[in-house]
2 protein chains.
Amino acid sequence: MDSEGGASIAGQLRRDLGRLTPNERRVAHRLLADYPMAGLDTAARFGEAAGVSAPTVLRMIAKLGFASYGAFQDRLKAELAAQRETPLTKGGTRPDGDPLDAFALAAIANLRATAENVPREEFDATVRLIADRRRPLHLLGGRFTDAIAAYMAAHLRVLRPQVQHIEGQPAAWFDRLLDIGKQDVIILFDIRRYSDDLLVFAERAARQGARIVLVTDQWLSPISKVARHVLPAHVPAPSVWDSSAGLLLIVEALTAAVVAEQGGTARDRLEALERLRRGD
Amino acid sequence: MDSEGGASIAGQLRRDLGRLTPNERRVAHRLLADYPMAGLDTAARFGEAAGVSAPTVLRMIAKLGFASYGAFQDRLKAELAAQRETPLTKGGTRPDGDPLDAFALAAIANLRATAENVPREEFDATVRLIADRRRPLHLLGGRFTDAIAAYMAAHLRVLRPQVQHIEGQPAAWFDRLLDIGKQDVIILFDIRRYSDDLLVFAERAARQGARIVLVTDQWLSPISKVARHVLPAHVPAPSVWDSSAGLLLIVEALTAAVVAEQGGTARDRLEALERLRRGD
DNA sequence: TCTACATTGTAACGTATATTTCAGTTCGAC
DNA sequence: GTCGAACTGAAATATACGTTACAATGTAGA
C-alpha cells in the first residue's frame, strides 16, 4: 500500500519525520499510531491526544504541504473512502478463471449487499402502494433498465388492473403526464449513467403530485431527490456494464410480496387467467 | 453487523426510516448510500448532497437520538474505527420471514447452480456465435422472459450490428422467417409453462437452417430438441413465479465474454458511441 | 554570561459551522 | 373546499473551531 513514503499521508509522514520539530513529531507519531482516526478529530483534541497544543498540530500539517486543516482532513477521508471501496474482489487482479464463475460471484455479492441495504420500510411501503388497486401504476426505465421495467410490468399486469409500461421515445412519455395526478404511482429504474430524460420526467410527475418509487444503484440516481421511496441495488460487475441482478431481485421480491399481501385475491386472479388462457 | 436495526447507525436508520419525514428520509438514504462518509461532512454539505437544507439534517440526527451533530459524527467515527480493527467476516442474517432475504437466498442458490451446470463448451460456442458480426442475430422470449431478451438485445446492439429483438404478436414473428437462413442466429428464452408459439417458431427457423441458441430452465424447454446450443439456468423461487436471475446471469456473462472476445474492437465501438451520445 | 534563533503555548481573532427561530407551504382530514 | 397540523428552508443567532500574533521558554554558539 504505502510501502515507501509517497501517495498516502502515512507514507509522507514517515518520510518527512526528520524535518519535524520534536513536538511536531509527537503529533505525527500519534497520527500513525491511530491512523487515520486521530486526524479526524478537531485540531485541539488531536493536539491534546498527542500532548501538544493546537498550533503545533497546525504547523505540522502545514509542513506536510496542506493549505489548511480542513484540506488535510479531506485527504484523510478520501483515503478512507478509497480503502473501503469494495473490500472484496476488487481491482482487475483476477487470476482470470471462468467468466461465468466470475460473474456469478460478483452477482452473488451484489444480491447479498442489496438484500442487506434495502430499507425494509421502503420495501414494505412500496408493496402497499403496488397492492393498492385504486392507484394507477406506471413503469419506466433507462436505456438498459427499461427491460427490467417491462419485466415487472408483465408480472404486475397479472396481479392487478391499471398497469402501464411507458414505452417509446422520451418525447412521447410526456403525453402520459396529462393524466397523472396524486393517485398515480410511477416506478422508475435508473442506474449509473443516469438518464436526463428520466430525471425530467420524474420531476414533472412529482410536481403533479404523483408518488415516485425509484429503483436505482447504490450511488443513487438524482431522481432520488424527488422520489417518495428509494430502493437501492448493488450493481458492480466484471464487465463494461453494471449488473442488473440486484434490480431484478428487488423486482421479483416485490411482486412476490404483493402476491402475499393480496392473499386470496391474487391467487383467484391467477387461476382465472389460467382458465382464460386454456380457453375453458 | 447490523442484522437487526440497532447496534450501528445504519441499522437504526433502516429501522426508524418510517418515523422520518420525506426529506429526512432523503438524508437517511444519502447516508446509507455513502456510508458512513456522507455523515463526516459538515451538516450543510451533507444536506446539499441529499438535496435538503442543513436544518433538515439536524432534525433527522436529533430524531436518531443524538444530542448534537458532533455526537453523531463521533459515533460514526467510532464505528469506522471498530470496523477497521475487525476486517470482515460477518454472517448475520435477518430473522427469516423477510421476503427480500428469502428471495435473495433462493436467487443466490440459483446463481450457484446455474454457474455450475452451464456446459462451458455451449457457453463458449455461443460467445463465438454472437461475436461473429457477419451473422444476423435475432432475440425472442416468452411472456415474461421476453424482457430478458430485450435486455440482452439492448446490450448487444452496442457491440455489433444486425441485432434484432423480435417483438409484437406471435403471428407477426413469422414474417421474420422470410429472411432467416443458415447464417442467422436466433437466441430464444423459454422457461416453465413453455410457450407453444415459441416452439413452433423455433422449429420453422431450424428447418430453414438457422442456428438456435436456447436459454431455458433446468428442466429444458421442448425447444431444446431443435436447438444447437442449450444454456440451462436454475429458476425456483419462493413465489408463484420462477426467478429469472439465472437467465440474467447467463445473459450478462455472455455479453461480458463477447466484449472480452472482441477485445479492442468492442471498446472502440463503445467509445465511439459515447462520443455520438455526447454530440461531439 | 550573553545573544540569536528555534520552538512552543497562550490568548485573541475572525470565520465557518451548528443551532434556533420563524414564516411560508404543503398535505391530509373533515 | 376549509381548516389544522406537519414539514421545510431562509435568515438570525450562538458556538466552536481554525488560525494568527506574540510572548515565554528553551537551546546553541560566542
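Just so it is clear, the values below take in all heavy atoms, side chains as well, and ignore hydrogens, waters and symmetry mates. Throughout, a chain's letter reflects where its sequence line sits, starting with A, and its residues are numbered from 1.
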Considering just the side-chain nitrogens and oxygens of [X], establish if one lies under 4.0 Å of OP1 or OP2 belonging to [N].
X      : N      : answer
T21(B) : dA6(D) : no
T56(B) : dG9(D) : yes
N23(A) : dT7(C) : no

Quiz prompt | Note: K63(B)-E24(B) ion pair, threshold 4.0 Å (strictly below) | solution =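 A salt bridge is present here (some side-chain N lies under 4.0 Å from a carboxylate O).
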Output the rounded distance in Å from [atom1] ([X]) to [atom2] ([N]).
X      : N       : atom1 : atom2 : value
R59(B) : dT21(C) : CZ    : P     : 12 Å
M60(A) : dT7(C)  : CE    : C1'   : 16 Å
R19(B) : dA6(D)  : CZ    : P     : 16 Å

State which of [options] makes the closest approach to the side chain of [X].
X      : options                  : value
V52(B) : dG18(D), dG9(D), dT19(D) : dG9(D)
T42(A) : dG9(D), dG9(C), dG18(D)  : dG18(D)
P22(A) : dT7(C), dT20(C), dC7(D)  : dT7(C)
S53(B) : dG9(D), dT19(D), dT19(C) : dG9(D)

Test side chain to side chain donor-acceptor pair (under 3.5 Å) on E252(A) and S243(B) and set out the steps. CA-CA 7 Å; E252(A) 293 185 331; S243(B) 166; 2.7 Å; yes
In this structure, CZ of F66(B) is separated from CG of D74(B) (nearest 0.5 Å) by 9.5 Å
- Message: Between F174(A) and F201(A) (judged by ring centroids, cut-off 6.0 Å), do the two rings come close enough to count as a pair?
- Response: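 Here the rings of F201(A) and F174(A) have centres that are less than 6.0 Å from each other.
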